[in-house]
Amino acid sequence: RGEAEAGRLLLVRRGKAICGILMYELKGRTAHLRLWHVDDVSRGEGIGSRLFASFIARCAQAQRMVLWVIGDNLRSIAIYCHYGFAADGLLDRIMIQRKEPRP
């Protein structure tokens with residue numbers, strides 16, 4: 001709710017259904033892309049492009065834009081490269097604690 005009230009949550013709706021969403025944060029001169037998703041049924045309709053263009057316009061004063069993506073998510077990486085992003089060489093390790101015993 002705070003993101004929506006601050007204008008950092010962008011939505012595309014079709015009727016009552018949400019077809020696309022983009023959430024970002026702007027801290028100082030850095031824009032952080034937090035979430036960008038288009039519903040599977042709505043892909044290929046330009047919804048993601050509209051959301052991303054709005055994000056870029058709203059963060060025009062930012063000196064840099066950063067995001068996090070899983071290293072083997074090649075489809076998303078290709079899309080981010082299309083918009084001018086490039087890998088910075090940093091790698092994260094994701095660790096989880098399983099509540100159920102492993103098989």
Side-chain angles (χ1 to χ4, degrees):
R1 183 176 183 171
E3 297 341 20
E5 290 172 354
R8 297 183 308 251
L9 179 66
L10 310 175
L11 297 174
V12 174
R13 295 178 186 262
R14 182 176 295 126
K16 293 184 180 184
I18 295 173
C19 301
I21 183 170
L22 187 145
M23 185 171 60
Y24 68 94
E25 187 175 7
L26 189 57
K27 287 186 178 180
R29 307 283 290 167
T30 301
H32 297 261
L33 177 59
R34 299 291 184 198
L35 172 71
W36 182 28
H37 178 76
V38 175
D39 181 58
D40 289 341
V41 175
S42 302
R43 290 201 175 145
E45 298 177 12
I47 291 170
S49 296
R50 289 193 343 241
L51 285 168
F52 207 82
S54 183
F55 162 65
I56 296 292
R58 290 167 184 249
C59 298
Q61 76 274 21
Q63 289 181 329
R64 69 183 190 144
M65 295 183 171
V66 297
L67 59 89
W68 180 84
V69 62
I70 295 173
D72 65 353
N73 188 343
L74 300 180
R75 183 177 185 278
S76 292
I77 291 169
I79 291 169
Y80 294 130
C81 287
H82 169 78
Y83 285 102
F85 286 82
D88 64 1
L90 296 175
L91 297 175
D92 285 335
R93 299 242 183 245
I94 300 172
M95 301 177 75
I96 62 172
Q97 179 186 37
R98 298 186 188 275
K99 296 295 182 185
E100 68 278 350
R102 288 187 158 170

Margin query: Can you tell me which residue among I47, D39, L9 is in a side-chain contact (heavy atoms from CB on, under 4.5 Å) with I21?
Written below: L9

Notebook entry, point to check: Would E45 and R50 pass as an ion pair if we require N to O under 4.0 Å?
Noted result: no

Item checked: Backbone N/O of V38 and side chain of R43: donor-acceptor pair under 3.5 Å -> yes

Check: Taking C-beta and beyond as the side chain, do V66 and W68 meet within less than 4.5 Å on heavy atoms?
Finding: no

Margin query: Working note: M23 + L33, criterion side chain to side chain contact (heavy atoms under 4.5 Å, CB included); need CA distance, chi angles, decisive distance, verdict.
Written below: CA-CA 6 Å; M23 185 171 60; L33 177 59; over 6 Å; no

Next item on the list: Classify the angle between the aromatic ring planes of W36 and F52 as parallel (below 30°), tilted (30 to 60°) or perpendicular (above 60°).
Entry: tilted

Next item on the list: Could you list the residues that satisfy salt bridge (Lys or Arg N to Asp or Glu O under 4.0 Å) with K27, not counting sequence neighbours?
Entry: E25

Note to self: What I want to check is whether the side chains of S54 and Y24 have a donor and an acceptor closer together than 3.5 Å.
What the structure shows: no

Next item on the list: Kindly indicate whether the side chain of T30, heavy atoms from C-beta on, has any atom under 4.5 Å from the side chain of M65.
Entry: no

Item checked: Atom pair CG/CD1 of N73 and I79 - distance to nearest 0.5 Å -> 8.5 Å

Next item on the list: Quick one: do R13 and C19 satisfy side chain to side chain contact (heavy atoms under 4.5 Å, CB included)? Show the steps, please.
Entry: CA-CA 5 Å; R13 295 178 186 262; C19 301; over 6 Å; no

Item checked: Distance (rounded to the nearest 0.5 Å) between I56 CD1 and L51 CG -> 12.0 Å

Check: So do Q61 and R29 actually touch side chain to side chain, heavy atoms under 4.5 Å?
Finding: yes

Next item on the list: Nearest 0.5 Å please: distance from the CZ atom of R8 over to the CG atom of L22.
Entry: 12.5 Å

Item checked: Euclidean distance, S49 OG relative to Y83 OH, rounded to 0.5 Å -> 3.0 Å

